[in-house]
Amino acid sequence: MRRKGLTAAAVTVAGALLLAACSSDGSGGSASEDPDTSGGDSPNELTFMYRGSDADKAAYETAIAAFEEETGAEVTMIITDADQYATKLQAAIAGNKVPDVFYVEPGRIQGYVYADVIADLTEYVDQSVVDNLWDFGVDAYRFDKESGARGQDGDPFYALPKDVGPFGFGYNKALFDKYDLEYPSADEPLTFDQFLELAKALTQDSDGDGELDTWGTGLNVTWNSQAFIWGNGADWISEDQKTVTVDTPEFAEALQWFADLGLVEGVTPSAEQAQTLDTYQRWMAGEIGFFPVAPWDIATYTALEEKDPETFSYDVIPYPVANEGDDWSTWIGSLGIAVSENSANKELAAQLATYLSTDLEAQKTLAAGMIQIPTLKDYALGEWIETDAPAAGWPENTKVFLEIAEEKGRPLPGTWTYTPEWYDNFWIGIENVVDNGSQTAADYLAAKQPEMQSLLDQSWVSADQAKAAG
Amino acid sequence: MSITAPPTPQSTWTKEDAKASRKANRKLHRKEYIWAGAFMAAPVIGWLAFLLFPLAFSVYASLTNWNGLGNMVFIGLDNYVMLFQDPYFWRALWNTVFYMIGIPIGLALSLGLAMALSRRIPGRTFFRTVYYIPVISSLAAIAILWQWAYNGDFGLVNQFLSIFGIEGPNWLMDENWAKPALIIMAIWKGLGYSTILYLAAVQAVPRSLYEAAALDGAGGWRRFRTITLPMVRPVTFFLVVTNIIGGSMIFTEINIMTPTGGPNWSTASLVWYIWNKAFKNLQMGYATSMALVLGILVLIVTVIQFRMNKRNDFSIE
C-alpha cells in the first residue's frame with residue numbers, strides 16, 4: 001500500500017512537471033512551434049537567425065534580397081522574440097542545429113568559442129572592411145583563446161557588429177528655457193558640481209502648490225550610474241579583468257554622490273517615484289531636466305518633440321565628470337553577427353555576415369528609422385552626420401553619439417568576463433544605498449567586494465574549465 | 001455369456017490435429033501478443049523517451065561541470081556541495097516557499113466563489129466567464145498588465161486604494177511588498193480554474209445530505225463544515241498538489257515583473273535562479289542539480305500529502 005502511494009505521488013509529480021514543461025505560457029515558448037534552425041545543406045543555402053523589430057526585419061529583408069541576387073545564395077531568415085532569443089539559440093546549439101549566421105552578444109563570445117560554436121572571421125573579412133567599422137564594433141568580438149583576454153586590438157574576432165549602441169546623456173531644452181538656464185555644452189562635460197547646481201535649479205514647485213513639479217534628474221542606478229562612477233576615476237574591475245575594484249575611495253565617493261542626489265539634495269523624484277518607468281515617463285512629460293538618451297530612444301523622443309516642443313525638446317551632451325578637465329565616458333553596447341563554426345558554407349556565411357554588418361543601404365534604412373547609428377565610419381562621419389541625420393530628425397548634438405562610438409564608449413562591466421554574474425551581484429541590495437539610505441556606499445562596497453570577487457574568481461575557473469572541456 | 005471389455009472409444013483427435021490446433025492458437029496468440037506489445041510499447045517508449053531518458057540525463061548532467069554548450073566534465077557531487085553552501089539558493093528557495101502562502105488563500109476564495117456561483121443568482125454565467133478569463137489569458141500579457149497596475153504613481157491598484165484614503169506602497173519596488181504583490185496576482189490568475197473545479201464538486205454533493213442535516217437542526221456553518229468541506233476534499237487535495245507543483249515552478253511573472261529578482265532579490269524564485277544560472281551564467285550542470293533538488297523536495301511534499309489524504313479518507317456507502 002505504501003509503495004502504491006509512493007508510486008502514485010511520483011507519477012503525479014512527474015506527470016505534472018512534464019505537462020508544465022510542455023505547456024507554453026508566454027515566456028517559455030513552445031518547442032513544437034520552433035522553426036528548424038539548422039544550417040543549410042546545399043552549397044548555396046544559408047540560415048540566418050536573429051531578433052529585432054519590424055524595422056530591423058524590413059532593412060534586412062532588402063539587404064538579404066540584394067545579397068541573394070549578388071551571390072546566388074538562398075537565405076532562410078528565422079526571427080524570434082527578443083526575450084526568447086538567447087534561450088532558443090542555446091537550445092539550437094545544444095540540439096546541434098546551429099544556424100549558419102546568427103546574432104551573438106559580446107558577453108557570450110568566450111563560451112561559444114571554447115565550445116567551437118562560432119567561427120573565427122578574421123581571415124574571411126578584408127582589413128579595409130574592419131577599418132571602416134567603429135573600433136568597439138569589432139573589439140567587442142575579439143578574443144584571445146589562449147590568454148582569455150577580450151577586446152584587444154589585433155586579436156581574432158568572432159563576429160561583426162550589427163550595431164553599436166552608445167548610451168548617451170541628454171537634457172530637456174524646454175525645461176532649461178522655462179527656468180531661463182543656459183544649455184550645457186556638447187563639447188565640454190559638466191563637472192559634478194555644475195551638474196548638481198543645474199539640477200537644483202531645475203527642481204522646482206512651478207505652480208506654487210507646495211509639491212515639486214520638476215526635478216533635475218531621475219536616474220536608475222543599475223543603468224545610469226556607470227558614467228558617474230567612471231567619471232570619478234573608479235571602476236568595477238581591474239584592467240586584467242581579475243580583480244573587483246569596487247572597494248576604492250573613488251568608487252564609494254561617486255556612488256554616495258549618486259545616491260545623495262535623491263537622498264540629500266532632493267533633485268530626483270523620491271524613491272517611491274523612482275521606478276524606471278516613472279522617471280522615463282516624467283522625462284517625456286517634461287518634468288525632468290537630465291536623462292539618458294540612446295539611439296533606440298530617438299524615434300520616440302523626436303515624435304514627442306514634434307508634438308509638443310514647449311514641453312519636451314531634447315538634445316545630447318557628454319556625461320558629467322568629477323573635475324574640470326577629466327575625461328568622460330559612458331557605456332556602449334553592441335550586438336554581433338556570427339557564423340557557425342560547423343556551417344557547411346562557412347565562407348558564404350561569412351560573406352553574409354559581412355554584408356549584413358556593412359551594407360550601406362541597410363545601414364541607411366536602420367539609421368533613417370532612428371534605430372541605430374550607422375556601423376560604417378565613413379558614412380557616419382560624412383554624409384550621415386552632415387545631411388542624413390538632421391534630415392531624419394536626429395538631435396542637433398548627434399555627434400556626441402559618434403564620439404561615444406569612436407572613443408568614449410566602454411563596455412558594461414561584466415562584458416569581458418566569461419560570465420557577468422559577479423557584476424549582476426553588485427546590484428543585489430543597492431536599494432539600501434540609493435533608495436532608503438540605510439547603508440552608506442562605503443559600507444555597502446566593503447561588504448560587496450569579497451562576494452563579487454568570489455564570483456569573479458569562479459567565472460575565471462569556469463572559463464578555464466570550459467576551455468579544457470572544449 | 002462372456003464378459004467382454006467395452007469397446008474403447010475410437011478417438012478422432014489425432015496428434016496432427018492437436019499440433020495444428022496448437023499452431024493455430026500460437027498464430028492467434030502471436031497476433032494478440034503483437035497488438036498487445038504495440039499498445040504497451042507506445043506508453044513505454046514515451047516513458048523512456050520523455051521521462052526516464054531526460055531524468056537520467058539530468059542526473060548525469062547534475063554531476064558534471066557543463067556550460068550547456070561544450071562537453072561535460074564529471075565532477076561527482078561537487079554541484080550538490082556547492083548548492084548547499086550557496087546563500088542565493090536558500091534565499092530563492094525561501095521566496096518560492098513564501099509564494100505558497102497564496103495557495104490556501106486562493107483555495108478559500110475559490111470555494112467561497114464556487115458556493116456563491118452554485119446558487120441561482122442572476123448573471124451567474126457571466127460571473128463564471130469573468131472569473132475564468134484570466135485562466136485562458138497569456139501569463140506574459142497578464143504580468144505586463146499587473147506590472148502597470150502595481151506602478152507606484154499611476155498604477156490602478158494604488159489609485160483604487162487612494163479612494164479609501166490609503167496610500168499604497170510602491171509594490172514591485174518595495175522589498176516588503178513585492179512578494180505579496182506577486183502572490184495577489186497569482187491568486188487572481190488561478191481563481192477561475194479552482195472555482196470551476198470546486199463548482200463541479202459543490203454541485204455534486206447530494207441535496208439529501210443537506211436536507212437531513214437541516215432536519216437534525218444543523219446550521220449553515222455546520223452544514224458547510226461537516227458536509228461541503230469533506231465532500232469537496234478530493235478536489236481540494238488535487239488542487240493543493242497541483243498548486244504546490246505549479247507554485248514551485250513560478251517563473252514567468254517574476255522574470256517579466258521583476259527581471260533582476262526584485263528589490264534586494266526579494267522576488268527571485270528557485271526556477272528563476274535556475275534559469276539564470278543555466279542560460280545567463282553558463283552553469284547548466286549546477287542549474288540541473290538545483291532543478292533535481294527542487295524536484296525531490298516537491299516529491300517529498302507530494303508523498304506527505306498523499307499519506308495525509310489517505311489517513312483522512314472516507315466514503316459514503
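All chains are named by letter (A, B, ...) in the order of the sequence lines, taking the proteins before the strands, and each is independently numbered beginning at 1. Basis for what follows: all heavy atoms, side chains included, without hydrogens, waters or symmetry-related copies.
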Taking the side chain as every heavy atom from C-beta outward, state whether [X] and [Y] have any atom pair closer than 4.5 Å.
X: B:Arg91; Y: A:Ile428; answer: yes
X: B:Ile75; Y: A:Gln465; answer: no
X: A:Tyr114; Y: B:Asn67; answer: no
X: B:Asn65; Y: A:Ser462; answer: no
X: B:Leu282; Y: A:Tyr418; answer: yes

Residue pair [X] / [Y]: nearest heavy atoms and the distance that separates them:
X: A:Ala94; Y: B:Gly68; result: CB-O, 4.2 Å
X: A:Ala469; Y: B:Val73; result: CB-CG2, 3.5 Å
X: A:Ala115; Y: B:Leu69; result: CB-CB, 3.6 Å
X: B:Asn264; Y: A:Gly429; result: OD1-CA, 3.2 Å

For chain B, the option from A:Asp424, A:Val117, A:Thr222 that forms the most heavy-atom pairs under 4.5 Å: A:Asp424
What part of [X] gets within 4.5 angstrom of chain A, counting heavy atoms only: side chain, backbone, both, or neither?
X: B:Trp66; result: neither
X: B:Gln283; result: side chain
X: B:Ala278; result: backbone
X: B:Met72; result: neither

Portion of [X] that has a non-hydrogen atom of chain B nearer than 4.5 angstrom:
X: A:Asn96; value: neither
X: A:Gln458; value: side chain
X: A:Gln110; value: neither
X: A:Asn432; value: side chain
X: A:Ile93; value: side chain

Whether B:Lys280 and A:Glu421 form a salt bridge (side-chain N of Lys/Arg under 4.0 Å from carboxylate O of Asp/Glu) is what I want to check. no
Within the supplied structure, the quantity of interest is the number of heavy atoms (other residues, nucleotides, ligands) at a distance under 6.0 Å from A:Lys467 NZ; does it exceed 12? yes
Would the number of heavy atoms belonging to other residues, nucleotides or ligands and lying under 6.0 Å from CH2 of B:Trp177 be above 12? no
Straight-line distance of [X] [atom1] to [Y] [atom2], nearest 0.5 Å:
X: B:Asp174; Y: A:Asp435; atom1: CG; atom2: CG; value: 10.0 Å
X: A:Asp116; Y: B:Asn71; atom1: CG; atom2: CG; value: 9.0 Å
X: B:Tyr88; Y: A:Asn425; atom1: OH; atom2: CG; value: 4.0 Å
X: B:Glu175; Y: A:Asn436; atom1: CD; atom2: CG; value: 8.5 Å
X: A:Gln90; Y: B:Met284; atom1: CD; atom2: CE; value: 4.5 Å
X: B:Phe279; Y: A:Arg108; atom1: CZ; atom2: CZ; value: 9.0 Å

